[in-house]
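What follows is a short report on a single structure.
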Amino acid sequence: MPADPISRLAAALGSSVGAEVTLERPGEAEYGDYATNVALQLAGSRRRPPRELAAEIADAAAGLEAVERAEVAGPGFVNFFLRDEWFAAALGEILAAGDGYGSGVAEPRERVQVEMVSANPTGPILVSHARNGAYGDSVARLLELAGHEVAREYYYNDSGLQMERFRASVDAVRKGEPVPEDGYHGDYVRDLAAVDGDPVPAMLESMERTLERFRIHFDSWALQSVVEERLPELLPRLDTYEKDGALWARSSAYGDEEDRVLLRSGDRSPTYRAADVPYLVDKLDRGFDRAVYVLGADHHGTRNWYAAVARMLGYDPARIEVLLYQPVHLTRGGEQAKMSKRRGDVVFLDEFLDEIGVDAARWYLVNRGPDQAIDIDVDLAAERTQKNPVYYVQYAHARIAGILRNAPDNASDNLSLSSPLAPEERELVKRLAELPSVVADAAAKRGPQVVPAYAIRLADDFHRFYHEHRVLESEQQAFRLGLCRATQTVIARCLDLVGVEAPERM
RNA sequence: GCGCCCGUAGCUCAGUGGACAGAGCGGCGGACUUCUAAUCCGCGGGCCGGAGGUUCGAAUCCUCCCGGGCGCACCA
């Protein structure tokens, strides 16, 4: 038996029709509470006029307890009008589920590793890294809600050329020498130079602080130097060849666009790509069913490399998943933003957070689908006003908290109705009932952007309800209090999925 | 040249096979003695980049073209 009221209604209709019925919410009130186009879709294969099929579905639906009436409309839609009792029962179920409402029981339940951000410790976390983290972390939260076990990992290069340059830059400052042209410049290098010891751990600590501030917590940190230790033992298991003095992986034969160099000509040192091999093996050997890589779209050229490595080593490539996202551009009143005086056009996440706040930052960075480039007007995003959807949603939560604070302790929780439901109440219940399908869809398509979009619609429905109806000391106080509690829970859930706080007061 | 992403209202974007294409911002006008007015209500704006095709039906699927972004390292 499906867990939520809508899919149960759909299932009941489906069994009476002998086909899967999908319900949608029509845009117009005259088309009922829910509608289905199943008659149109079935008309072809069953060689029947769509309206005739629709009439049969409508007849069958009329026999269901929840359905007040069903109408055939247009070319063959069936519109369902539901009884108030269905709304009360649906709300009751949502309240009974409590904080667990929307959570799933994944089949099969997977152990998933989400590797994200993974910026090398040569400088502070940037806004571009923040999109990686905001997106990856929201996907991780969605997978957890769907019932999977998720671990977040940060991978970084602690050896190699870039790190040498970084250390050399800090050393140069300490000796009072000029920083090499190909080194790292900026105030943070001076700050690191002021303290003795290896600057890399200090840099990492600072980066972790920024990420924690951004509400991203990593379960583990993987070092390339450690990972690389297993490279010699794995190289013989790969499909490789020698060319121009270098060792190449024959990855093009395994679904990659091209072959990749593993050991450089000359000193035969491993490339960054080479370290991917032991790292991938490490991930899968640690018992993860699925390894998710979150990468900027500028890395899409290596998208198929990881799966190719898996194939080469005999692992199921379906266990490897690469998620790509488009870049972030900051503007200030339409102008290309140059927020950081220290490093030209790159923007430090900490400065960005100082300016617009963590809530707005997380919201804006997951508000768009990963395939969409993001333009953020920093001045606009910094405004704590109605222009900013994140506060609109938070305000709905805080408003509810206010009502619940004022509610009597002995308020009844009996949802039975004493008078017909108002349109705003019905709309709100239907919106709440959408949550399970919204989060399931978001998790399945790795598209957390549908969550804030849904949260806005929910806040919209709530604000309208609030404006039209009094909750406390109203004729239907119990039902309306229930509606408030359920709405608050669902808003809090949505905000949590995005990494935004749900305030009790604003 | 090849590959990936994008092109929808003045701006930022939803909508990826169905009923007249939606929202926010910006503009104008209304609503607080009442649980938070960071709210609500009303008024505009679009040959869905272009051309073909598939379908009963296309913003949505296919092909080509145009425009923008990003890749095509023994850098990460």
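Naming: A, B, ... by sequence-line order, numbering from 1 per chain. What you see is a predicted model; the values in this text were computed from it and never measured.
Base pairing annotation: B/rG27 forms a Watson-Crick or G-U wobble pair with B/rC43, both donor-acceptor distances under 3.5 Å.
In A/Asp409, the CG atom is not crowded: 12 or fewer heavy atoms of neighbouring residues, nucleotides or ligands sit closer than 6.0 Å.
The side chain of A/Asn120 sits closest to B/rA76 out of B/rC5, B/rA19, B/rA76. Candidate nucleotides B/rC5, B/rU12, B/rC35 were compared by shortest atom distance to the side chain of A/Ile403, and B/rC35 ranks first. Taking every side-chain heavy atom of A/Gln162 into account, B/rA76 is the closest of B/rA76, B/rC5, B/rA19. For A/Arg368, whose side chain is taken as the heavy atoms from C-beta onward, the closest listed nucleotide among B/rG71, B/rC74, B/rA14 is B/rA14. The nucleotide whose nearest atom lies closest to any side-chain atom of A/His463 is, among B/rC40, B/rA14, B/rA19, B/rC40.
Dashed line: the shortest gap from a side-chain N or O of A/Arg264 to OP1 or OP2 of B/rC75 is under 4.0 Å. Checking the phosphate oxygens (OP1, OP2) of B/rA73, no side-chain nitrogen or oxygen of A/Tyr272 falls inside 4.0 Å. Residue A/Tyr454 places none of its side-chain N or O atoms closer than 4.0 Å to OP1 or OP2 of B/rA23. Taking side-chain N and O atoms only, A/Gln372 has a distance below 4.0 Å to OP1 or OP2 of B/rA14. For B/rA38, the OP1/OP2 oxygens have no side-chain nitrogen or oxygen of A/Arg399 closer than 4.0 Å.
Residue A/His300 places a side-chain atom within donor-acceptor reach of the base of B/rG3, judged by atom type and a 3.5 Å distance cut-off alone. In the interface, the side chain of A/Ser265 is paired with the base of B/rC74 through a donor and an acceptor atom under 3.5 Å apart. If you check distances only, the side chain of A/Asp276 never reaches the base of B/rA76 with a donor-acceptor pair under 3.5 Å.
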Salt bridge (Lys or Arg N to Asp or Glu O under 4.0 Å), that's the test. Do A/Arg480 and A/Glu424 meet it? Break it down for me.
CA-CA 11 Å; A/Arg480 289 178 180 167; A/Glu424 293 81 11; over 6 Å; no

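Applying the 90° cutoff around 0 to the glycosidic angle, B/rC32 is assigned syn.
An aromatic stacking contact between A/Phe77 and the base of B/rG18 is absent, as defined here by ring centres under 5.5 Å apart and ring planes under 30° from parallel. Put simply, A/Tyr392 does not rest on the base of B/rA38: the two rings are not both less than 5.5 Å apart at their centres and under 30° in tilt.
Nearest-nucleotide mapping onto RNA chain B: of A/Ala373 and A/Ile456, the residue sitting toward the 5' end is A/Ala373. With RNA chain B read from its 5' end, the first of the two nearest nucleotides for A/Arg464 and A/Arg273 is the one closest to A/Arg464.
Residue A/Asp460 contributes atom CG, which lies 10 Å from atom C1' of B/rG24 at whole-angstrom precision. If you measure from atom CD of A/Gln41 to atom P of B/rA19, you get 12 Å, rounded to the nearest angstrom. Counting to the nearest Å, the C1' atom of B/rC6 and the CG atom of A/Leu324 are 14 Å from each other.
Taking the six-membered ring where the residue is Trp, A/Tyr154 and A/Phe218 present perpendicular rings, their angle passing 60° and hence far from 30°.
We find that A/Glu434 and A/Arg25 are joined by a salt bridge, their nearest charged nitrogen and carboxylate oxygen being less than 4.0 Å apart. Look at A/Glu115 and A/Arg152 and you find no salt bridge, because none of the NZ, NE, NH1 or NH2 atoms lies under 4.0 Å from a carboxylate O.
Atom CG of A/Leu211 sits about 8.5 Å away from atom CE of A/Met116, to the nearest 0.5 Å.
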Using a 4.0 Å heavy-atom cut-off, write out nucleotides 28-34 of chain B from 5' to 3' as B (base contacted by protein), S (sugar-phosphate only) or - (no contact).
------S

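Annotation: side chain to side chain donor-acceptor pair (under 3.5 Å) contacts of A/Ser206 (sequence neighbours excluded): none.
Side-chain atoms of A/Tyr254 never come within 3.5 Å of backbone atoms of A/Ala310 as a donor-acceptor pair (strictly under, hydrogens ignored).
Taking atom P in both B/rA21 and B/rG45, one finds a spacing of 13 Å when rounded to whole Å.
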